[in-house]
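The block underneath contains the structure these notes are about, expressed in structure tokens.
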Amino acid sequence: MSSNYTIPQEHGILVVFSGPSGAGKGTILKRYFEDNPPAVLSVSATTRPPRPGEVDGVHYHFVTRAEFERMIAENGVLEYNVYNGNYYGSPRGPIEEELRKGHDVILEIETNGAGHIRRMFPSALSIFVLPPTFEELKKRLIGRGTESPEEIQARLEKGRKEIEMALDYDYIVVNDQVETAACRLAEIIRSARWSKKFNQSFIQEVLNNA
Ligand code: 5GP
């Protein structure tokens, strides 16, 4: 057998990417996608209003509550959750289509949604982003200056609870430096192609022909 054998890949990997507010998920992903073009980021739907600079269809699909509830009723979301009083969900159609094309799809979602995905798709890969220290997280949240002191406090408290959930994920990415963190993410996704949970049907196929 040739030494550069690769497993025939039937579909892309579904990657769940979570982490507390301020951990740098968005920045890491931006860097990751620059070097890994066939991978796609799922654009979530949300009922929260756009922040300055956010573009409909790019950062989120901004929808009304009625529209979101219709999506739920029509089985149009792979998972959804209510976060800070707003619905957030991952639209099913585009995700399934990209996976079928063999592209990896990354869902940047909070920990409840991630739990749903893990239960529904055991072959999904789950990755949690951590700051190097909790103090650093605090510094970054204060530094970005987009939230009031009360909101920062609330996000830190939520962040602490979210970090406890890191234990349920397959991997962690420590974000001490964006470039390094994006490389770590790439290494994890590359090695996932060889993980047993992503290759059940291949193992079975070899056995079927034994
Ligand atoms: P933000 O309002 O700051 O953009 O997002 C708030 C939280 O919602 C973040 O933790 C983000 O990862 C999460 N989130 C964004 N899209 C989705 C989604 O489609 N489903 C779930 N469950 N969470 C999401």
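Start at 1 with the first residue, then count along the sequence. Whatever order the structure lists ligands and atoms in, that order sets their numbers, starting from 1.
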Shared-cluster residues of Leu207, by chain and number - hydrophobic side chains joined below 4.5 Å = Ile203
Can you tell me which residue pairs pass the ring pair (Phe, Tyr, Trp, His ring centres under 6.0 Å) test with a partner in residues 9-37, sequence neighbours excluded?
-> His11-Phe198
Which protein residues have a heavy atom under 4.0 Å from ligand 1?
-> Lys25, Ser44, Arg48, Arg51, Tyr60, Glu79, Asn81, Tyr83, Tyr88, Gly89, Ser90, Glu108, Ile109, Glu110, Gly113
Output the distance between atom CG (Asn81) and atom NE2 (His116), rounded to the nearest 0.5 Å.
-> 6.0 Å
Only counting residues at least two apart or in another chain, list the ones meeting ring-ring contact (aromatic ring centres under 6.0 Å, His included) with Phe68.
-> Tyr87
With Lys25, the salt bridge (charged side-chain N to carboxylate O under 4.0 Å, His left out) member among Glu162, Glu110, Glu108 = Glu108
List the steps, then state whether side-chain hydrogen bond (donor to acceptor under 3.5 Å, both in side chains) holds for Thr133 with Glu136.
-> CA-CA 5 Å; Thr133 62; Glu136 178 64 26; 5.1 Å; no
